[in-house]
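Data block below; observations after.
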Amino acid sequence: MRLDVITIFPEYLEPLNVSLVGKARARGVLDVRVHDLRDWTHDKHHTVDDTPYGGGPGMVMKPEPWGEALDSVIASGADDARPVIVVPTPSGKPFTQRLAVELSAQPWLVFTPARYEGIDRRVIEEYGDRCDVREVSIGDYVLAGGEAPVLVMVEAVARLLPGVLGNAASHQDDSFAPGVMADLLEGPVYTKPPEWRGRGIPEVLLSGHHGKIARWRRDEALRRTAANRPDLIERADPAAFDKKDRDI
Ligand SMILES: COC(=O)c1cc2cc(CO)sc2[nH]1
């Protein structure tokens, strides 16, 4: 996968050089290119924003630098290749594991994190005519810009790419992974030592009885989901639950 990020804070994306994403880049699984939007400004102040038409607080990112940057990035791809453009914005559709899975199947993503009050709408319209443009929010809280959401989305997508996660199975029973855990949150996990500050391990996990262990884990996942995210239970397909679940 090729992944471009256009930003006025390229240093904000340094974390993409470390850990999981860093290793995937080193192994050639991911081709990450970070671009400074100001490289496509031509005035001495490298202006990227201006006051909003219609008045109101804050500043809006000007269309010209984004247009030149996106034209340049898109032109650098294979002749007729078109990226999926991901626009982090508080007014976007929710970023979910399902969207992460969908994006991980794409050969090329371009992220356009903005600052200020956002990007001039005409940029979204211009590129929406020739690319798949997705406006995405990572949650219902206020951030100062889209760079942190890009780090979140890139990690969620990159870890799904073949060969990125060491143990291929380890994203099958993630919280929110569709299927086996039926969109439940993961339950508690334990490792050595068997006792720590007087606290032991649930007996069932030491039993070696895989059926009982699986049942206990599901019960704990149901309990945690009911406590922290009852909405996930309400929306789940009733067929995903058996009689024992209903007793939880
Ligand atoms: C949960 O918030 C987001 O996903 C988010 C994305 C962006 C982009 C901004 C600058 O226009 S502010 C902001 N918040």
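From a predicted model like this one, the values you see are computed outputs, not experimental measurements. Whatever order the structure lists ligands and atoms in, that order sets their numbers, starting from 1.
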(message) What's the separation between atom CH2 in Trp40 and atom CD in Glu68, rounded to the nearest 0.5 Å?
(response)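 Output value for this atom pair is 9.5 Å.
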(message) How long is the straight-line distance from CH2 of Trp66 back to OG1 of Thr112, given to the nearest 0.5 Å?
(response)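 So the OG1 of Thr112 and the CH2 of Trp66 are separated by 5.0 Å.
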Atom indices of ligand 1 within 4.0 angstrom of [X] heavy atoms, with elements:
X: Gly146; result: 7 (C), 8 (C), 9 (C)
X: Gly118; result: 11 (O)
X: Arg115; result: 10 (C), 11 (O)
X: Ser137; result: 1 (C), 4 (O)
X: Tyr141; result: 1 (C), 2 (O)
X: Gly139; result: 1 (C)
X: Tyr116; result: 10 (C), 11 (O)

Starting from [atom], which protein heavy atom do you reach first, and at what distance in Å?
atom: atom 12 (S) of ligand 1; answer: Leu143 O, 3.6 Å
atom: atom 10 (C) of ligand 1; answer: Ala114 O, 3.2 Å
atom: atom 7 (C) of ligand 1; answer: Pro90 CD, 3.5 Å

(request) Could you check if a side-chain atom of Pro83 sits within less than 4.5 angstrom of a side-chain atom of Cys131, using non-hydrogen atoms only? (result)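 Side-chain contact under 4.5 Å: yes.
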(message) With a 4.5 Å cut-off on side-chain heavy atoms, are Trp108 and Asp4 touching?
(response)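 Side chain of Asp4 against side chain of Trp108, heavy atoms only: contact under 4.5 Å found.
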(request) Classify the contact between Ile119 and ligand 1 as side chain, backbone, both or neither, using a heavy-atom distance cut-off of under 4.0 Å. (result)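 Contact part for Ile119 vs ligand 1: neither.
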(request) Mark yes when over 12 heavy atoms from residues, nucleotides or ligands other than Asp129 sit less than 6.0 Å from its CG; otherwise mark no. (result)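 More than 12 within 6.0 Å, yes.
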(message) Within the supplied structure, the quantity of interest is the number of heavy atoms (other residues, nucleotides, ligands) at a distance under 6.0 Å from Glu135 CD; does it exceed 12?
(response)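 Counting neighbours around CD of Glu135, more than 12 heavy atoms of other residues, nucleotides or ligands fall under 6.0 Å, so yes.
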(request) For salt bridge (charged side-chain N to carboxylate O under 4.0 Å, His left out), just list the numbers for Glu147 and Arg115, CA-CA rounded to whole Å, side-chain angles, deciding distance to a tenth of an Å, and then say yes or no. (result) CA-CA 8 Å; Glu147 282 77 12; Arg115 287 271 146 172; 2.8 Å; yes
(message) Would Ile138 count as a polar contact of ligand 1, with the cut-off being nitrogen or oxygen pairs under 3.5 Å?
(response)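 The answer is yes, given that Ile138 and ligand 1 share an N or O pair closer than 3.5 Å.
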(request) Could you walk me through whether Glu220 and Arg223 pass the salt bridge (charged side-chain N to carboxylate O under 4.0 Å, His left out) test, one step at a time? (result) CA-CA 5 Å; Glu220 290 302 310; Arg223 283 196 185 91; 2.8 Å; yes
